[in-house]
2 protein chains.
Amino acid sequence: MRHYSTSLPNPRQACLCLRPVFGFEPPEVRERCPGDVDGVGSASSMSTGSRRPPVAAGDGKRIRDDALMLHDRDRAPGRRVTLEDVARRAGVSRAMASLVIREEPGPTSMTRSRVLAAARALGYRPDRRARSLASPTSRLIGVTFGGGGRFHFDLLEGLYAAAADHGYDLILSAVTPERGEQQALESLADFRFDGLVMLGPPVAEPGMAGSIPVAVMGWSVKDDSVDVVRTSDEHGMSLAVDHLVQLGHRRIAHLDGGSGLVAVARREAYVEAMGEHGLGDDVLIVSGGEDSLAGLRAAGKLLASAHLPTAVVAFNDDTAAAAVSLFAQEGIDVPGRISVIGWDDSHLAQNPDFDLTSVAQRPHEMARAAIERIVARCDGVEIEEREVVLEPTLVIRSSTAQPFVAIP
Amino acid sequence: MRHYSTSLPNPRQACLCLRPVFGFEPPEVRERCPGDVDGVGSASSMSTGSRRPPVAAGDGKRIRDDALMLHDRDRAPGRRVTLEDVARRAGVSRAMASLVIREEPGPTSMTRSRVLAAARALGYRPDRRARSLASPTSRLIGVTFGGGGRFHFDLLEGLYAAAADHGYDLILSAVTPERGEQQALESLADFRFDGLVMLGPPVAEPGMAGSIPVAVMGWSVKDDSVDVVRTSDEHGMSLAVDHLVQLGHRRIAHLDGGSGLVAVARREAYVEAMGEHGLGDDVLIVSGGEDSLAGLRAAGKLLASAHLPTAVVAFNDDTAAAAVSLFAQEGIDVPGRISVIGWDDSHLAQNPDFDLTSVAQRPHEMARAAIERIVARCDGVEIEEREVVLEPTLVIRSSTAQPFVAIP
DNA sequence: TTGAAAGCGTTACCAA
DNA sequence: TTGGTAACGCTTTCAA
């Protein structure tokens, strides 16, 4: 009582009794949770210490009252289930239980099923902290991300899935204007991650050396100690331009994405793609940006120009959709008067109101590639090429068609 | 040698030598890092074992060779600095060093400065896993977030800062379409967080019981075991409408935010605010959404209507800016012909091209409030009210002015 | 004020 | 195959 009076003023972590969603409050004892008084060290809990070895009261050592009462029926209410609990319930040692949980070879199928049953019954979930602390590899992959919008969010989703498949967990750290990349990395490093994935914002030189596997997603980087996973902008742009040229377009404009690394790459790819079709003279770049508003303004500029092109390749779906909206507002038919191509094949492109032809990068596959890279390197596999370039595809929908105006 | 041949196939966590950004590779030894052979268990290290107790060789116990060689000069290269290292360098016990690092009272200023100096020299950073594992409170606050865009990102930034001020760390978990709230919470729970902040997406009933402090940000929730930190939509809307009415507007429309919880609240607040000014008959709600495209379309609908209002209150800055863009495109002067008010006072509102009058919720203050709540509850402080409602302010810029059309 | 030692919940080693 | 036990890096208790 003396010992615990200050250390447990309220439930906190020590009394973590969450709803069934969490799945780690054993069904058998859940009903004891709600109204229960935190009985650690209380007189009432002492009465349950029947199995407790005869220790002289006040013998000067810190008695693990709580540990001693950890028999199935006597666990402190809400106390989280540990491997120890599982092992005891299954009647095996902790080591055995550990092997079973980690699906390591060794235990007999008999042992295995007993342990598994016990774990399920108790709602056991391993403690990631203890796990990563104990093992030489933390099985934690750090992820830095910025305000990258939907696409980064999709990447995140993919990363979670891929990491889980490899038995890794993700720890995220946001990079904000106030909180630079360095700080984000430091706070991640305090968790001792095994590998790092950087989603953004795109920086020219990631602040990491080659001591730990690092993968950068979505943009290219010169530092050759990091892996790069990206979709080929060149290929994507050439798919888009090819498609339009095949339909008969020549005057194809590009609503660009501003000054970001990705925008620059796509702009250059556009120029090149046009050149390859001998359309160098028809190059028309309208400076824009990454969001719908930038797209709106760029589309406005286009409308103000003397000679409206017959097709437009936008930087992304947001800007493309904005352009389509504006065109609609102005009574300019898409694709009748002008064809529009977006990028990312996002929900916007798939939205029936827009139904945009769009260059599709598959974020989940990119994520999978990045995780596989990292995991492989963590396992000591030597990989030569530092760059994974996925080929995008062109999803053709109803925003592109043959040009209205005949080719002069 | 035998023991370690398999355990260190490649650097991994065990050889975490990062760049100076990380600040935990001691300057004095950094030059030893790159080409160094992993000397664990090598003969040379044995010569430093002077403090090693006389243990018979091969006595059947696993000897901590590496621990024994942890004198300043013999640390394994790249091995991360521990409290042990700091303590040894400062010539004190680990317990002392711990107290100093945690800024607990006890150590003399002499001890304190020695330890601090050692920590700095070695570039020490505490291991969050070990720290949270050892203490009854993990000092970890879980945060779930969704694709909430810029505003959520600003909240995140504020949360980081506020948590750090209280000595807490954040662990993030994304809620995506594929990865529900439940899964996000489970993965967080494996880190044994002390408190939880939920940023989104807004759900009617957070999947948590009252066993751990939970704060929900930005939307209201009926469950009275969670704290709610939000900005008053009622107040914000009434500021906006008041401002417009004072300028002489009567026909004030609302570009709404769709069907989200927040959008509903603002829509209702709009109706009420109009009613308070006896403008119930002038209520005009244009259904929209949360992003610029929705704003664009809503503004388009507005334009198509017979009788353009003289002012518009939008759901947020994105939709407001989209409307402004469209109006500009159509030659409708803002604020000459129509006044526009946004919400969030984001970078868009502050952008000189738009210069929007906007309802400002201060995300950093909201974040601070949420963290303070959580921390207080973690410390066992009883708090009565479960809701913190911050009053927004109206930032007046150049998108609002007196109405062009006189009141009939 | 300081230090020794026990513990947190795991993993990984060893010998049986 | 199994179980005992030493780590992991820290916090916390208790005695000096």
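Every chain is numbered from 1 and lettered A, B, ... according to where its sequence line falls, protein lines coming before strand lines.
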Review point. How far does the helix from C:dT1-D:dA16 to C:dA16-D:dT1 bend, going by the axes of its first and last five pairs, to the nearest 10°?
Key: 40°
Point to revise | Rounded distance (Å) that lies between atom P of C:dT11 and atom CZ of A:Arg129 | key: 14 Å
Point to revise | A:Tyr168/A:Val375 under side chain to side chain contact (heavy atoms under 4.5 Å, CB included): CA gap, chis, key distance, verdict | key: CA-CA 9 Å; A:Tyr168 279 74; A:Val375 170; 3.8 Å; yes
**Study point:** side-chain N/O B:Arg102 vs D:dT12 OP1/OP2, d < 4.0 Å
**Key:** yes
**Study point:** From C:dC8, D:dT11, C:dT10, nucleotide with atom closest to B:Leu133 side chain
**Key:** C:dC8
Review point. For B:Ser93 and C:dA4, is the shortest distance between a side-chain N/O and OP1 or OP2 below 4.0 Å?
Key: no
Check your understanding: Of A:Ile101 and B:Val92, whose closest DNA chain C nucleotide lies nearer the 5' terminus?
Key -> B:Val92
Review point. What pairs with A:Arg373 under side chain to side chain contact (heavy atoms under 4.5 Å, CB included), at least two apart in sequence or on another chain?
Key: A:Asp227, A:Arg377, A:Ile383, A:Glu385, A:Val388
Review point. Within this structure, what is the CZ-to-C1' distance between B:Arg114 and C:dT2, rounded to whole angstrom?
Key: 13 Å
Point to revise | Phosphate OP1/OP2 of D:dG3: any A:Arg94 side-chain N/O under 4.0 Å | key: no
Review point. Over how many whole Å does the gap from B:Leu99 atom CG to C:dG3 atom P extend?
Key: 11 Å
Exercise for review: Go through the structure and list residues passing side chain to side chain contact (heavy atoms under 4.5 Å, CB included) with B:Glu104, not counting sequence neighbours.
Suggested key: B:Leu99, B:Arg102
Practice item. Applying side chain to side chain contact (heavy atoms under 4.5 Å, CB included), name anything that partners B:Glu372, two or more places apart in sequence or on another chain. Key: B:His166, B:Arg368
Exercise for review: Check DNA chain C against residues 105-112 of chain B and give the residues with a non-hydrogen atom under 4.0 Å, in numerical order.
Suggested key: B:Gly106, B:Pro107, B:Thr108, B:Thr111
Review point. Which residues pass the side chain to side chain contact (heavy atoms under 4.5 Å, CB included) test with B:Ala119, sequence neighbours left out?
Key: B:Val86, B:Ile101, B:Tyr124
Practice item. Ignoring backbone atoms, establish whether B:Thr82 has a side-chain N or O less than 4.0 Å from OP1 or OP2 of D:dG9. Key: no
**Study point:** Ion pair A:Asp190/B:Arg80, N-O distance below 4.0 Å
**Key:** yes
Check your understanding: Would you say the side chains of B:Arg129 and A:Ser138 form a donor-acceptor pair under 3.5 Å?
Key -> no
